[in-house]
Every structure is written in C-alpha cells, then in structure tokens.
Colleague: 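Got a structure here, written out as structure tokens. Questions coming.
Below, chains carry the letters A, B, ... as their sequence lines are ordered, and counting in each starts from 1.
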Protein chains: 2
Amino acid sequence: MNDTPDDLRIDQPPATLRAMTVERLRGAIISGRFRGGERLVERTLCDQLGVSRSVVREAIRFLEAEGLVETQARSGPVVAKLDWARAHQIYEIRRLLEAEAASACARVADARIKEDLRQALADLEVAFEEATPIRVYEATTRFYETIFLSAGQDISWEVVQRLNSRISRLRALTLATKDRHTSGPAHMASICQAICENDPAAAALAVREHLTEASEIARRLLEAEE
Amino acid sequence: MNDTPDDLRIDQPPATLRAMTVERLRGAIISGRFRGGERLVERTLCDQLGVSRSVVREAIRFLEAEGLVETQARSGPVVAKLDWARAHQIYEIRRLLEAEAASACARVADARIKEDLRQALADLEVAFEEATPIRVYEATTRFYETIFLSAGQDISWEVVQRLNSRISRLRALTLATKDRHTSGPAHMASICQAICENDPAAAALAVREHLTEASEIARRLLEAEE
DNA sequence: AGTTGTATGTTGGTATACCATCAGTCCATA
DNA sequence: TATGGACTGATGGTATACCAACATACAACT
C-alpha cells in the first residue's frame with residue numbers, strides 16, 4: 001500500500017552531499033570523535049567520508065562560520081577548543097535567551113503547546129531511565145525547540161542551537177553526570193509546569209536555575225579535565 | 001626610513017582570496033548593493049570579483065552560515081530577505097545582549113575603558129556632523145566593541161555582530177533618519193555616561209531605551225517600504 | 001489553437017588538477 | 001661536528017572540467 005498524502009507534492013529533500021557532510025562532521029565534532037585542537041586534514045576527511053575535497057571544504061567553511069572549526073591561513077582547519085571562559089559566556093547567553101523565550105512561551109502557551117511540552121518531557125524521562133544519551137539529547141532539543149518556536153523566536157533558537165553545538169561536548173558530559181539525573185529533568189519539569197500554568201516569571205526563573213546549575217556542573221567538569 | 005618594531009616577527013595576514021571575497025560579498029549585501037531575494041549567480045560573481053568558483057562558493061557557504069544568504073538545493077544562493085518579524089526578533093536579542101554587556105561593562109570600567117568610550121563617542125558626533133555614514137558606522141561599532149570586549153563578552157559580541165549584519169540595511173536607514181540625528185547619539189551619550197559613572201542599572205536602562213527607539217524607527221521604515 | 005515532446009542554454013553540484021608553502025630529512029662542505 | 005642547502009612529501013589554496021537538473025523556447029502533432 002502506497003500511502004497517498006492529501007497533496008501530491010514531491011519534495012524529497014535532495015540532500016546534497018554538502019549538507020550530509022556538514023551533518024557528519026558536526027556530529028563527529030560534537031560527539032567528541034574529533035578533539036578540540038585536532039587538525040582536520042582535508043584529504044583524509046575525503047577518504048573517510050567518501051566525497052571530494054570541494055564538498056569537504058565547503059562543509060568546513062560552514063562549520064567555521066558556526067564557530068566549531070577555526071582555520072588559520074596556510075595551516076588549515078582545526079577543531080575549535082573550548083575553555084571555561086568561553087563556555088561560561090555561552091551559558092550566560094543561553095540564560096538570557098532561554099529565560100526570555102520561556103517567559104514569552106508561558107504568555108502565549110495554549111493546550112496544543114502544553115501537550116507538546118509534556119510529551120517531550122515524558123520522552124525525556126523515559127530516555128533518562130533507559131540511559132540512551134541520543135534520546136535524551138533529542139527530547140531535550142525538542143523541548144526547547146517547542147518553547148522557542150511557539151514564542152515566535154526562531155532566530156533566537158537558531159542562535160542558541162549554534163551556541164549549543166559549541167558546548168555540545170560539555171552538554172554530553174553534564175547529561176551523563178549522575179547528580180544531574182535527578183536535578184536536570186526536575187528543573188525541566190518545573191519549567192514545563194510554569195509554562196503550563198502560564199506563569200512567565202516562574203518560567204524564566206526556572207530556566208535560570210536550570211542553567212545556573214548546568215553551568216556549574218560544566219565548570220567542574222572542565223576544570224577537573226585539565 | 002623603514003620602521004623597525006621591537007620584535008621582528010613577520011605576520012602579514014596572507015589574506016586569502018576567500019577571506020577577501022567574503023568581505024566583499026558581505027559588504028555588497030549589507031550595503032544594499034544586492035537586494036533581499038536577489039539571486040547570487042556564481043559564475044557572474046566570479047566575473048565581477050575576478051576569482052574562481054571554488055572561492056566564490058566557499059565564501060557563500062560562510063555567508064550562508066551567517067544567515068546573510070539562503071540557499072535552497074538546486075536553486076542556488078539567494079540574498080536573505082528581511083521582514084519585520086525577523087528584524088524585530090533581532091532587535092529583541094540585541095536588547096538582551098547589549099543591556100547585559102553594558103551593565104557588566106559599567107561594573108568593571110576603569111579609566112582606560114572610559115576614555116576609549118568617550119573617544120568613540122566623540123568620533124561618532126563628528127561623523128554625524130559631517131554626515132559621513134561610514135564613519136558613523138565605524139564609530140558606532142567601536143563604541144559597542146569596547147563595551148562588549150571590556151566586559152569580557154567576546155562571544156556575545158560575535159553573535160551581535162552577526163545579527164547586525166543581517167539588519168545592516170535597516171541600520172543604515174535608521175542612521176540616515178533625521179530624528180535619530182538628535183536621539184541616536186544622545187542615547188549613546190547617556191549609555192556612555194552611565195558606564196563612566198559605573199552605574200550598571202542605568203547603563204542597561206539606557207541601552208534598552210536606545211534599542212526600543214531604534215527598533216521602532218526600523219519598523220516604520222520597513223512597513224513604509226512595502 | 002492547444003498540447004506535448006524535444007532541443008538548448010543556464011546553473012548549481014561534484015570531482016579533479018595544479019601550484020605555493022611549509023616542514024622535515026639528508027647530504028655536502030667548511 | 002656543525003651548518004647550510006637542496007630535495008621531498010604533505011597540505012592547503014586556487015582554478016577548471018564535467019555532469020545533472022531545471023527553465024525556456026520552439027517545433028510537431030492532434
């Protein structure tokens with residue numbers, strides 16, 4: 001049985017090689033497969049990815065603009081390093097933007113949005129029980145995406161996502177941290193609750209608390225690491 | 001006379017073609033030479049810029065990640081369009097980030113920083129009298145750069161600059177607007193004053209007022225335009 | 001006249017070729 | 001032995017070649 005949607009549009013994303021390459025590389029970097037400071041040798045990547053240098057290079061330019069890769073002329077691209085000074089700044093920016101978004105979301109949230117949030121939260125908790133990091137990541141992303149987009153702040157969401165990719169390794173670590181097992185989802189639950197009660201101030205507060213703690217955990221991890 | 005600095009290091013920025021191309025293209029877009037929605041035909045750009053397609057394409061990838069260019073597969077790069085919904089979001093984000101930076105700057109500002117700010121402000125006022133938009137732009141940029149960097153918020157500054165390039169056409173228009181002639185520098189003067197008095201709250205407030213007005217002017221311009 | 005098939009040109013996507021630079025190595029010479 | 005220079009390999013920067021997809025125009029057929 002071929003399922004036939006209402007409209008017959010064919011809009012298969014042709015998924016250019018470049019787009020796929022960007023995804024793969026970004027994934028490799030944020031998953032920690034490539035360490036900070038590690039060189040990204042173009043021809044080697046070509047072999048590993050099975051694409052030509054043009055594709056690899058354009059993908060690298062994209063990641064460079066995202067801040068994930070730094071390239072100094074005549075020396076080539078290098079995975080951007082992350083120190084606490086930068087990570088701290090990123091957490092502070094997220095604090096501002098996410099608090100604002102949550103507050104705006106709480107102002108406009110209707111039944112549909114609340115349902116989406118609860119669903120994402122439920123998925124998150126399941127993923128936590130199962131200890132499947134990818135699911136946790138996806139559910140978390142969906143939770144925040146709902147908040148930002150329903151608040152009509154898609155540009156802010158774009159900025160946050162970009163920043164997140166730069167601290168993704170830290171996020172992965174914080175998610176794996178045990179004491180976050182209880183407090184992380186707990187904080188997100190209280191964010192969800194505040195939004196469901198259409199209480200902007202409480203929502204903003206919950207976000208700030210959440211990020212304060214996440215930031216603190218990240219700092220400890222980062223300093224312990226070196 | 002060859003001036004010989006203390007250290008003999010030769011670190012002439014080799015200025016890759018790509019970097020120069022990015023600059024040129026970005027400049028052409030933010031100056032309005034390429035309108036929103038306009039197609040960027042690669043081979044044409046090659047002729048105009050005198051570089052090969054590889055260079056042009058990599059530059060476009062960079063601008064794409066910056067949000068200045070959007071490219072849909074099989075249709076090619078297009079200059080991103082700017083509607084009020086997006087512009088408004090950008091102004092709101094700037095409000096948050098700049099208020100935070102100004103407040104932090106006011107907390108730490110020493111004599112040196114205050115001097116830099118006053119100098120930038122003085123340059124700005126001269127440029128206003130002379131009605132030289134480029135100087136105005138430069139002085140304004142330097143003013144805010146001082147604020148952000150002295151507050152140790154270089155990532156935030158990076159984000160703001162990127163956002164600014166997306167609304168640069170609007171900024172140019174608002175700068176040219178007459179009633180901003182009095183209020184624009186006036187607001188910036190009060191920001192400067194608040195920082196010089198090391199008054200974080202006043203600094204944040206001044207920034208918010210400034211941006212509220214700039215945003216309002218931008219809205220009128222954008223809606224009048226269509 | 002309307003519709004459909006086809007030829008063609010434009011454009012972006014991809015791959016490859018070439019060159020300059022840099023670092024390391026090894027040999028020749030003082 | 002130490003120094004300098006030439007050679008070589010690796011790498012990034014740049015240019016070009018080829019192909020597929022799409023748009024347009026025109027011709028042919030009903």
Side-chain angles (χ1 to χ4, degrees), chain A residues 7-26 28-29 34-81, chain B residues 7-26 28-29 34-81:
Chain A
D7 62 63
L8 302 176
R9 294 175 54 89
I10 296 179
D11 51 359
Q12 44 175 339
T16 67
L17 278 186
R18 175 175 14 108
M20 294 164 63
T21 303
V22 168
E23 294 271 327
R24 288 292 178 90
L25 282 181
R26 188 194 285 126
I29 292 174
F34 294 131
R35 302 298 188 81
E38 187 170 342
R39 289 189 60 179
L40 294 175
V41 180
E42 300 177 353
R43 285 174 173 84
T44 306
L45 293 177
C46 292
D47 293 342
Q48 295 176 332
L49 292 163
V51 297
S52 77
R53 269 184 79 201
S54 317
V55 176
V56 168
R57 284 178 62 89
E58 290 185 26
I60 287 176
R61 293 290 95 74
F62 203 93
L63 297 176
E64 183 182 357
E66 281 189 358
L68 271 178
V69 169
E70 293 169 354
T71 122
Q72 40 230 340
R74 299 251 150 53
S75 164
V78 167
V79 178
K81 289 188 69 171
Chain B
D7 63 63
L8 301 176
R9 294 175 55 88
I10 295 179
D11 51 358
Q12 44 176 337
T16 69
L17 278 187
R18 182 180 63 242
M20 294 164 64
T21 303
V22 168
E23 294 269 327
R24 289 292 179 89
L25 282 182
R26 187 195 285 128
I29 292 175
F34 294 132
R35 302 299 188 78
E38 188 171 342
R39 290 189 59 178
L40 294 174
V41 179
E42 299 177 354
R43 284 172 174 84
T44 307
L45 293 177
C46 292
D47 292 342
Q48 294 176 332
L49 292 163
V51 296
S52 77
R53 269 185 78 201
S54 317
V55 176
V56 168
R57 285 178 61 90
E58 290 185 25
I60 287 177
R61 293 290 95 77
F62 203 94
L63 297 176
E64 182 182 356
E66 280 189 359
L68 271 177
V69 169
E70 294 169 353
T71 123
Q72 40 230 338
R74 299 254 151 51
S75 163
V78 167
V79 178
K81 289 190 69 172

Colleague: Between atom CE in M20(A) and atom P in dG13(C), what is the gap in whole Å?
Modeller: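 Going from M20(A) (CE) to dG13(C) (P), I get 15 Å.
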
Colleague: Take atom CZ of R61(B) and atom C1' of dT14(D), then tell me their distance rounded to the nearest Å.
Modeller: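 Atom CZ in R61(B) sits about 17 Å away from atom C1' in dT14(D).
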
Colleague: Roughly, in whole Å, what's the span from CZ in R39(A) to P in dA23(C)?
Modeller: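 Answer to the nearest Å: 10 Å.
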
Colleague: Given atom CG of L17(B) and atom P of dC19(C), what is their separation to the nearest angstrom?
Modeller: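 Answer to the nearest Å: 17 Å.
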
Colleague: At less than 4.0 Å, is any side-chain N or O atom of S52(B) found next to OP1 or OP2 of dT14(D)? Yes or no.
Modeller: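 Checking dT14(D) against S52(B), no side-chain N or O comes under 4.0 Å of OP1 or OP2.
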
Colleague: Tell me whether the OP1 or OP2 atom of dA15(D) has a side-chain N or O from R53(B) closer than 4.0 Å.
Modeller: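 So the side-chain polar atoms of R53(B) never come under 4.0 Å of the phosphate oxygens OP1 or OP2 of dA15(D).
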
Colleague: Looking only at heavy atoms, which two atoms of T71(B) and P77(B) are closest? And how far apart?
Modeller: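 Looking at all heavy atoms of both residues, the shortest contact is CB-CA, 3.7 Å.
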
Colleague: To the closest 0.5 Å, what do you measure between CG (L49(B)) and CG (L25(B))?
Modeller: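 With rounding to 0.5 Å, CG (L49(B)) is 5.5 Å from CG (L25(B)).
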
Colleague: For L40(B) and dT10(C), give me the distance from atom CG to atom C1', rounded to whole Å.
Modeller: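 Rounded to whole Å, this separation is 16 Å.
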
Colleague: Give a yes or no on whether a donor-acceptor pair under 3.5 Å exists between the nucleobase atoms of dG12(C), that is its base, and the side chain of R43(B).
Modeller: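 Checked by distance alone, the answer is yes.
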
Colleague: Atom CZ of R57(A) to atom P of dA15(C): distance rounded to whole Å?
Modeller: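 R57(A) atom CZ is separated from dA15(C) atom P by 15 Å.
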
Colleague: Can you confirm whether L63(A) sits close enough to R26(A) that some side-chain heavy atom of one is under 4.5 Å from a side-chain heavy atom of the other?
Modeller: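 Yes - at least one pair of side-chain heavy atoms lies under 4.5 Å apart.
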
Colleague: Ignoring hydrogens and angles, does a donor from either the side chain of R18(A) or the base of dG12(C) sit under 3.5 Å from an acceptor on the other?
Modeller: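 In this structure, the two groups form no donor-acceptor pair.
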
Colleague: Send over the distance from E58(B) CD to dT14(C) P, rounded to a whole Å.
Modeller: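 Distance check: E58(B) CD to dT14(C) P gives 14 Å.
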
Colleague: Flag the pair L45(B) / F34(B) as yes when at least one side-chain heavy-atom distance between them is below 4.5 Å, and no otherwise.
Modeller: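 L45(B) reaches F34(B) side chain to side chain.
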
Colleague: Whole-Å distance between dG12(C) C1' and E64(B) CD?
Modeller: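 The distance from CD of E64(B) to C1' of dG12(C) comes to 13 Å, rounded to the nearest Å.
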
